[in-house]
Amino acid sequence: MIPMIAKSEEEQPENVGSCTLSDIELLQAISRRVHFGKFVAETKFLAEREKFTELIKARDSQGIDEAITNSAVEQQILDRLLLKAETYGTDPTLRYSQKAQGNIEPEAVVKIYKECIIPLTKKVEVDYLLRRLEEN
Ligand SMILES: O=C(O)C(=O)C[C@]1(C(=O)O)C=C[C@@H](O)C=C1
């Protein structure tokens, strides 16, 4: 993820500390987002209890993955993300300059969600559901 968003033109050792703190905050935010998948998975289980019970008993991870996937919702999230990254990722004082330089490439944010965050969320959902029938 980092090479997709970090500029690597020159080293700035004085920024290592604050970069590390930002990394920790971001990793915690990603973890929180991804682990919300447990609540989403529980809602999906309750909505289609029989179907999921069958898939879980068969240990059908791929079937569970397919059952929890909603491609239309994923696309909506990615579209919204692109708009947000374009809007919030630009320094407003540069808006009217010839080259409105963003802090981050909006497409990179979309790519990170598409290739990392959503798949991780789905993995949490599948792992949660695979254990859903176990006794506490
Ligand atoms: O909103 C859902 O239904 C989710 O399961 C969350 C999520 C996501 O990570 O954003 C994951 C899988 C779905 O295909 C759509 C979206």
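Each ligand, and each atom within it, is numbered from 1 in the order the structure gives. These numbers come from the heavy atoms of this one structure, side chains and all, not from hydrogens, waters or symmetry mates.
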Participant: Should the pair Arg131-Glu134 be classified as a salt bridge under the 4.0 Å nitrogen-to-oxygen rule?
Facilitator: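 A salt bridge links Arg131 with Glu134.
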Participant: Under 4.0 Å from a heavy atom of Asn70: give me the atoms of ligand 1 that qualify, with their elements.
Facilitator: 13 (C), 14 (O), 15 (C)
Participant: Just do the side-chain contact (heavy atoms from CB on, under 4.5 Å) check on Lys122 and Glu74 with the steps written out, would you?
Facilitator: CA-CA 11 Å; Lys122 285 162 73 165; Glu74 287 184 27; 3.0 Å; yes
Participant: As a check for students: among Leu78, Ile77, Val73, identify the option with a heavy atom nearest to atom 1 (O) of ligand 1.
Facilitator: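 It is Val73 that holds the nearest heavy atom.
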Participant: Taking only heavy atoms of Thr69 into account, list the atoms of ligand 1 that are under 4.0 Å away from them.
Facilitator: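 Counting atoms of ligand 1 from 1, those under 4.0 Å from Thr69 are 14 (O).
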Participant: Checking salt bridge (Lys or Arg N to Asp or Glu O under 4.0 Å) for the pair Glu42/Arg132: CA distance, chi angles, key distance, verdict?
Facilitator: CA-CA 8 Å; Glu42 179 64 17; Arg132 179 58 179 75; 2.7 Å; yes
Participant: For atom 6 (C) of ligand 1, what is the closest protein heavy atom, and at what distance to 0.1 Å?
Facilitator: Glu125 OE2, 3.7 Å
Participant: Can you check side-chain contact (heavy atoms from CB on, under 4.5 Å) on Phe52 and Leu46, steps first, answer last?
Facilitator: CA-CA 9 Å; Phe52 279 107; Leu46 294 177; over 6 Å; no
Participant: List every atom of ligand 1 that sits less than 4.0 Å from any heavy atom of Thr121, numbering the atoms from 1 in the order shown and giving each element.
Facilitator: 9 (O)
Participant: Could you tell me the residue and atom name of the protein heavy atom closest to atom 15 (C) of ligand 1, and the distance to it rounded to 0.1 Å?
Facilitator: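 Scanning the protein heavy atoms, the shortest distance from atom 15 (C) of ligand 1 goes to Glu74 CG, 3.5 Å.
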Participant: Hey, is the main chain of Arg49 close enough, under 3.5 Å, to the side chain of Thr53 for a donor-acceptor pair?
Facilitator: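 At least one qualifying donor-acceptor pair exists.
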Participant: Check each heavy atom of Arg33 against ligand 1 and say whether those closer than 4.0 Å belong to the side chain, the backbone, both or neither.
Facilitator: side chain
Participant: With atoms numbered from 1 as shown, which atoms in ligand 1 lie under 4.0 angstrom from a non-hydrogen atom of Ile68?
Facilitator: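 Close to Ile68: 13 (C), 14 (O).
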Participant: What atoms of ligand 1 come closer than 4.0 angstrom to any heavy atom of Lys122?
Facilitator: 11 (C), 12 (C)
Participant: Does a side-chain N-to-carboxylate-O contact under 4.0 Å join Lys114 and Glu107?
Facilitator: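 No, this pair does not count.
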Participant: How far is atom 2 (C) of ligand 1 from its nearest protein heavy atom, and which residue and atom name does that atom have?
Facilitator: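 Scanning the protein heavy atoms, the shortest distance from atom 2 (C) of ligand 1 goes to Lys44 NZ, 3.6 Å.
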Participant: Is there a donor-acceptor contact under 3.5 Å linking the side chains of Asp79 and Gln75?
Facilitator: yes
